[in-house]
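Quick notes on the structure that follows.
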Amino acid sequence: TPMPTDWSSRPVSQRLFEALQGVWLGGKAVIERVFGADRVDRFLDRLMFYEIKSRLVRFKMDLPDGNVITYRPYDKRIIKEVYEGGYREVQLSPGDCVLDIGGNIGSFTLLAARRVGPGGRVITAEPDPENASLLALNLRNNKLTQVSFIQAAVSDKVGTMKLYRNRDPGMHSLVYK
């Protein structure tokens, strides 16, 4: 079942956010034409605008498989990818064991946990503290006891590494891009 696209079926907070986002993006486009997109982005980065926005704005959505997910505006792309894209074709059966490396906020973890059932196991790892807190919240809210969550990065090297953060919380990496 696709995610709702009908404006009236969305929560009021989401409709308000999307309306304000439209106004913001229109105004930002005008400012970018005057000052240049790079200068505007550097200015907003200095104000920590993107980080503050992603921490303050949260939505909840009922997923087609019965799970509920709490997410930020930027996460909607990943949720859609998991529930409408190729991930939904992944063959998982009750009792299977799944590794979700880079669990983000738990979109695929929730899908996998529902499919493997209480007799299966999902092990998910997510190093970013903000993503990890949403992932843990989503696991608690869905009462998924078959999931083990590790807040750490996965690599072929032992030790401490720098996590390179991207504006898109689904694109953090141990490799500088």
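What you see is a predicted model; the values in this text were computed from it and never measured.
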Quiz prompt | Contact list for residues 109-152, test ring pair (Phe, Tyr, Trp, His ring centres under 6.0 Å), sequence neighbours left out | solution = none
Exercise. Look up atom SG in Cys97 and atom CD in Gln146, then write down how far apart they are to the nearest 0.5 Å.
Key: 11.5 Å
Quiz item: Can you find a pair of side-chain heavy atoms, one from Leu134 and one from Arg72, that are under 4.5 Å apart?
Solution: yes
Quiz prompt | ring pair (Phe, Tyr, Trp, His ring centres under 6.0 Å) contacts touching residues 110-135 (sequence neighbours left out) | solution = none
Quiz item: What residue pairs, at least two apart or across chains, pass ring pair (Phe, Tyr, Trp, His ring centres under 6.0 Å) with a residue in residues 118-140?
Solution: none
Quiz prompt | Closest non-hydrogen atom pair, Ala152 against Ala125 | solution = O-CB, 3.6 Å
Quiz prompt | Candidate pair Val98 and Leu92, rule side chain to side chain contact (heavy atoms under 4.5 Å, CB included), full reasoning | solution = CA-CA 9 Å; Val98 177; Leu92 296 173; 3.6 Å; yes
Practice problem: Output the distance between atom CD (Glu126) and atom CG (Asn131), rounded to the nearest 0.5 Å. | Solution: 4.5 Å
Practice problem: Hey, could you give me the NZ/CD1 distance between Lys80 and Ile78, rounded to the nearest 0.5 Å? | Solution: 13.5 Å
Exercise. Please round to the nearest 0.5 Å and tell me the distance separating atom CZ of Arg140 and atom OG1 of Thr70.
Key: 10.0 Å
Identify each donor-acceptor pair in which a side-chain atom of residues 106-120 lies under 3.5 Å from a protein atom, sequence neighbours left out, and give them as a table.
| residue | atom | partner | partner atom | Å |
| --- | --- | --- | --- | --- |
| Thr109 | OG1 | Asp100 | OD2 | 2.6 |
| Thr109 | OG1 | Thr124 | OG1 | 3.2 |
| Arg114 | NE | Asp65 | O | 3.4 |
| Arg114 | NE | Asn67 | OD1 | 3.4 |
| Arg114 | NH2 | Asn67 | OD1 | 2.6 |
| Arg115 | NH1 | Arg88 | O | 3.3 |
| Arg115 | NH1 | Val90 | O | 2.7 |
| Arg115 | NH2 | Arg88 | O | 2.8 |

Self-check item: Any residue meeting side chain to side chain contact (heavy atoms under 4.5 Å, CB included) with Ile101, in chain and number order, not counting sequence neighbours
Solution: Leu99, Val154
Practice problem: Enter the distance from Lys76:NZ to Phe59:CZ here, rounded to the nearest 0.5 Å. | Solution: 8.0 Å
Quiz item: Side chains of Val68 and Leu63: closer than 4.5 Å at any heavy-atom pair?
Solution: no
Quiz item: Does Asn142 reach the main-chain N or O of Leu144 with its side chain, forming a donor-acceptor pair under 3.5 Å?
Solution: no
Quiz prompt | All side chain to side chain donor-acceptor pair (under 3.5 Å) counterparts of Ser148, not counting sequence neighbours | solution = Arg121
